[in-house]
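Side chains included, hydrogens not; waters and symmetry mates left out as well; all remaining heavy atoms used. By convention in this document, chain letters (A, B, ...) are assigned in the order of the sequence lines, proteins followed by strands, and residues within each chain are numbered from 1.
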Amino acid sequence: MDAAEYDLPVFHRGGFHRRTCRSCGSAFWSLGDHAVCQEAPCRDYGFLGHPIIPRPYAPDEVRETFLSFFEHRGHTRIRRYPTIARWRNDVFFVQASVYDFQPWVTSGAIPPPANPLTISQPCLRFNDLGEIPEKGRYFTQFEMMAHHAFNRPGHEVYFKDRCTELCHELLTSTFEVDPTAITYKEEVWEGGGNLGPSLSVGALGLELATLVFMEYVRDGDGMKPMPLTVVDTGYGLERFTWASRGTRTAYEAVFGAAFDELRRTFSPADTAVLLDHARSLNFMLTDGIVPSNSKAGYFARLVLRRSLRILAKSPEAPELVAILDRVARDQATAFPEIGEHRDDLHRVVEAEIERFGESIERARQAIRRHEERVSAAGARVTEDDLLTWYDSLGVPPDVAVEELKHPPPIPADFYTQVAARHEGEAPATDYAESTEGLPEVPDSVPPTEVLYYLDPYTVAFEAHVVFAKGPFVVLDRTYFYPTGGGQVTDRGHLNDLEVVDVERRGAWVLHRLERDAPWSAGERVHGRIDAPRRTQLMQHHTATHLLNGALREIVGPHVWQAGAYKGPESARIDITHYRPLSKQELHRVERRVNQIVREDRPVKSYFEARSEAERRFGFTLYQGGAVPGKELRVVEVEGFDVEACGGTHCTHTSEVGAIALLGTDRIQDGVVRLTFASGERALDLREEHEEILSDAARRLGVPVEKLPDGIDRLLGEIEENRRSARERLREDLGATAQRLLAENSETVGTVSVVAATVALDRAGLMELSRLLTRGADRVAILASEHEGRGTLFVGSTATRVPANALVEAARPAFGGKGGGNPAAATAVGEPGAPLTAALEAARSAARERSAV
RNA sequence: GGGCACGUAGAUCAGCGGAAGAUCGCUGCUUUCGCAAAGCAGAGGUCGGGGGUUCAAAUCCCCCCGUGUCCA
């Protein structure tokens, strides 16, 4: 990055000078006389005991001071975004304030909620998990205070100079930091294909803030200017608090009294981890994460289980939920939502604790069994076993060792070895929305006016073609609903041509026809939507919202929509929940939604400013992972459920008709799927089910209500038949056995040998042999022609006459393949092989061995 | 989303190419006034599902499904 990028008027006005850090080699600007930049590791922490900010601040004070500073300088204060980044598919959590505005605001696709704005955004970051608490300053949950400006061509808000000026004023006049202590280090920021200069703000060894100026797009090896430039700042709330107190670690400064309380039971390090993890968990659980074994839920499980292991160290340890509540008290001043729904949150946590206990118990048993088995074989448990157990049973090595009589040493680099095992695994792939096969639409084509938002009932309309290529047509206006929000697309006709697909692409709605469009731009066409299909889709979509509302009400507010699909035949909603739904819960939900349907509540769909909608309804609006634009489309079922949603909806709940729950599955740890139907389809399916039932009853010859009895009777008969068939076979074989013992038996020495040719399958041969060799010193040699292939079967209870040896001896006689053990052996020959010769060979081998 | 482990009797699991097992539970009998307990006998398995290799598959290979766990 060119040095001119950092040569800001604010530095010259203030009398800053530019130096090169003797330690890291980076250039920095300062009013003081420093040989190195004022950040670790270039210099030590100089503020421990000598705070950078001369008076102590509480975290809440730091936040309020920061936000009101920027509010008084023309910024709009914005409420926090959820910590779960539902609007993005490349990350799970918000890790910086700018995540709130990526990708749509930063790309210029939609306007920011305010400009300029200021926010204090709670973030979650788990990459430094291992660094807690060693370095004394990492948190899994932290707040990034920020001021952001988004500059469009012709609408410049502010950029590098003003941004740095504001930062310096905040630090020196409001927080009273010694101006000469501060250094602004020149850095390059790059991320998400964008890059730009940045300034890292440090004092007395502590990095307090970063000022990032996104102004270029990566273009091959070079870069080109972005049409929209972004001021992206980040001020660490925890860092400021620490800087104002100069305590040994940031944790003591940030957690305050809660730290001192827990410190009585735990080491400083364990105390820090417990409090940090409690803060993370409170945010994750409040924002709708259910602990699970994959995706975002895994991080909740990870920090929860780490906390439990620490708690297990002390008999005086409080319950985990008590710690969560204690931390929530401090958090709730700024974020009251953290304090809501404590009971439900406790249930989620308790369920997870129970599962962890079961899982550990299962693992302990498996470990003990494994050791018994290997020691019986004269071996010992290995280091490798420890690795496998950690990976597959979730047992940390120290826990495993407790269970072992002869434990192997725990390798010092255990977790490095774990990581090595996971190397070369395919990384998580985030799918990009596929626009493959869709044509490029020139920018000159006017955006499509979408009418289905305003009026979901109109199914016939006139419009003009504005673009056509192959089977794709863009109209100036359309009522056709494109794929989105889990609702499948409308079907219908444009003039006489069938519309087979509808997709949104940028500002346009593309209609895909059954064949190439015969029209050119400017032509007028008549659109007709398949009305029954649309009606059914609307009913399913509104029913989804009703179910979501009922589930949150009945199952608990930890329920969030984790996905949905609304097809013409049936629909489904996936929800976050920690165990399968019970029959009772399902019945209650079904009754509740149908009650809402009967109450005929109005369903209002309207656009509203994002901030206003959030203020009125809270974050539960974002059930579908909504786009954080300036305006939201709100779908409100009066007094029951409110969601941001772009779908087509009924205007009254009664239009949904009836809702029938069809089934439930656990599709993933922490996610439960409900399948349902509404409207006509609900009735159709009920009829189909009744038809199936009455058909089954007719076939069984019982009335429908006696069906279970009828089935029991039938199953009983089947069982009885099976039993008697088996008995008959046994009797037959028994008779055969007696006959053979009487007629085909000879005694050689102490061994009695039976040899005969029969016609039985493999199982029959086995059974007969068993009967013939009941008792000691018996040998049965059976030959059988079955399904064209000759089988020789030998069973033996005579130790001197191993069955496999006889088969071995007989095999050359008929070219059979086979083998076995001393008790039983078989060989099978090709069709036409001389089976009798084989039988004789086995018999004489038996005689020979018996006679010895 | 990927790696690893696991899926065998009602339950907990063993067996890991050659004739499906153990323990608990269940049923019956013996013993007891009765219960508990003990002894004896017995019932209960498409060895998660589907393909393949083999003379032979619970066992080896492939694909699904389910569960657990670790990692993104």
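- Atom CZ of A/Arg306 is separated from atom C1' of B/rC71 by 14 Å (rounded to the nearest Å).
- Straight-line distance between the P atoms of B/rG15 and B/rC6: roughly 11 Å, to the nearest whole Å.
- The residues A/Asp669 and A/Arg355 are annotated as salt-bridged, a charged nitrogen and a carboxylate oxygen being separated by less than 4.0 angstrom.
- Atom pair A/Asp385:CG and B/rA5:P shows a separation of 12 Å (rounding to whole Å applied).
- Using a 4.0 Å heavy-atom criterion, one finds that A/Ala827 contacts no nucleic acid atom at all.
- Within the structure, a side-chain polar atom (N or O) of A/Arg369 is placed less than 4.0 Å from OP1 or OP2 of B/rC13.
- Taking a pair to require two hydrogen-bonding distances under 3.5 Å in either a Watson-Crick or a G-U wobble arrangement, B/rU59 remains unpaired.
- Not counting sequence neighbours, A/Lys817 has no partner by the salt bridge (charged side-chain N to carboxylate O under 4.0 Å, His left out) test.
- Among the protein residues, A/Ser769 comes within range of the nucleic acid bases, having at least one heavy atom under 4.0 Å from a base atom.
- No donor-acceptor pair closer than 3.5 Å links the side chain of A/Asn804 to the backbone N or O of A/Ala825.
- In this structure, A/Arg421 and A/Gly820 both approach RNA chain B, and ranking their closest nucleotides by distance from the 5' end singles out A/Arg421.
- Distance, A/Phe414 CZ to B/rC71 C1': 13 Å, rounded to whole Å.
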Nucleic acid footprint by protein, nucleotides 42-54 of chain B - heavy-atom cut-off 4.0 Å, B for base, S for sugar-phosphate alone: --S----------
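- Partner assigned to B/rG25 is none, using Watson-Crick or G-U wobble distances below 3.5 angstrom.
- Pairing for B/rC16 is absent, judged as Watson-Crick or G-U wobble with the two contacts each under 3.5 Å.
- Remark: the separation of the P atoms in B/rU69 and B/rU27 is 35 Å, to the nearest Å.
- As rounded to the nearest Å, B/rC4 and B/rU12 have C1' atoms that lie 23 Å from one another.
- Side chain of A/Ser796 to main chain of A/Val801: a donor-acceptor pair is present (N/O by atom type, distance under 3.5 Å, no hydrogens or angles).
- Contact annotation: the side chain of A/Arg811 approaches that of A/Val807 to within less than 4.5 Å [non-hydrogen atoms, C-beta and beyond].
- Nucleic acid contact for A/Gly819: base, since at least one base atom lies under 4.0 Å from a heavy atom of the residue.
- Where A/Ala825 and A/Ala366 each meet RNA chain B at their nearest nucleotide, the meeting point lying more 5' is that of A/Ala366.
- Using P as the reference atom, B/rG17 and B/rC26 are 36 Å apart when rounded to the nearest Å.
- The backbone N or O of A/Ile667 lies less than 3.5 Å from no partner atom in the side chain of A/Asp665, so there is not a single donor-acceptor pair.
- Put simply, CZ on A/Arg364 is 15 Å from P on B/rC13, counting in whole angstrom units.
- Classification of A/Glu190 and A/Arg218 as a salt-bridged pair holds, one side-chain N sitting under 4.0 Å from a carboxylate O.
- Using cut-offs of 30° and 60° on the angle between ring planes, the pair A/Trp87 and A/Tyr81 is perpendicular.
- Side-chain contact between A/Ser280 and A/Leu124 is present, with heavy atoms from C-beta onward closer than 4.5 Å.
- Taking the six-membered ring where the residue is Trp, A/Tyr415 and A/Tyr390 present perpendicular rings, their angle passing 60° and hence far from 30°.
- Only the P atoms considered, B/rC40 is 15 Å distant from B/rG25, to the nearest whole Å.
- Distance A/Arg368 CZ to B/rU12 C1': 13 Å, rounded to the nearest Å.
- Using atom P as the reference point in both B/rA20 and B/rU53, the two lie 23 Å apart (nearest Å).
- As the counterpart of B/rU69, B/rG3 is assigned, both hydrogen-bonding distances of the Watson-Crick or G-U wobble pattern falling under 3.5 Å.
- For the pair A/Gln365 and B/rC13, the criterion of a side-chain N or O lying under 4.0 Å from OP1 or OP2 is met.
- Salt bridge status for A/Glu372 with A/Arg369: absent, with no side-chain N to carboxylate O gap under 4.0 Å.
- The backbone N or O of A/Leu662 lies less than 3.5 Å from no partner atom in the side chain of A/Thr675, so there is not a single donor-acceptor pair.
- Of the C1' atoms belonging to B/rC65 and B/rG49, the separation is 7 Å, rounded to the nearest Å.
- Base pairing analysis places B/rA38 opposite B/rU30; the two distances defining the Watson-Crick or G-U wobble pair are each below 3.5 Å.
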Would you tabulate the pairs of protein nitrogen or oxygen atoms and nucleotide nitrogen or oxygen atoms of nucleotides 59-70 of chain B closer than 3.5 angstrom?
unit_1	atom_1	unit_2	atom_2	d
B/rU67	OP1	A/Arg666	NE	2.6
B/rU67	OP1	A/Arg666	NH2	3.4
B/rG68	OP1	A/Arg355	NH2	2.9
B/rG68	OP2	A/Arg666	NH1	3.3
B/rG68	OP2	A/Arg666	NH2	2.7
B/rG68	N2	A/Ser392	O	3.0
B/rU69	OP1	A/Arg305	NH1	3.1
B/rU69	OP1	A/Arg305	NH2	2.9
B/rU69	OP1	A/Ser359	OG	3.3
B/rU69	OP2	A/Arg301	NH1	2.9
B/rU69	O4'	A/Ser392	O	3.4
B/rU69	O2'	A/Tyr390	O	3.3
B/rU69	O2'	A/Asp391	O	2.7
B/rU69	O2'	A/Gly394	N	3.1
B/rU69	O2	A/Asp391	O	3.3
B/rC70	O5'	A/Tyr298	OH	3.4
B/rC70	O4'	A/Asp391	O	3.2
B/rC70	O3'	A/Tyr390	OH	3.3
B/rC70	O2'	A/Asp391	OD1	3.0
B/rC70	O2'	A/His422	NE2	3.2
B/rC70	N4	A/Asn293	O	3.0

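- Between the CG atom of A/Asn821 and the C1' atom of B/rG15 there is a distance of 14 Å, rounded to whole Å.
- In this structure, A/Tyr415 atom OH and B/rA72 atom P are separated by 13 Å, rounded to whole Å.
- On the P atoms, B/rG45 is 26 Å away from B/rA38, given to the nearest whole Å.
- Using a 4.0 Å cut-off, no side-chain N or O of A/Lys295 falls inside it from OP1 or OP2 of B/rA72.
- For the pair A/Asp761 CG and B/rA19 C1', the interatomic distance rounds to 14 Å; values are reported in whole Å.
- Closest to the side chain of A/Thr388, out of B/rC55, B/rA5, B/rA19, is B/rA5.
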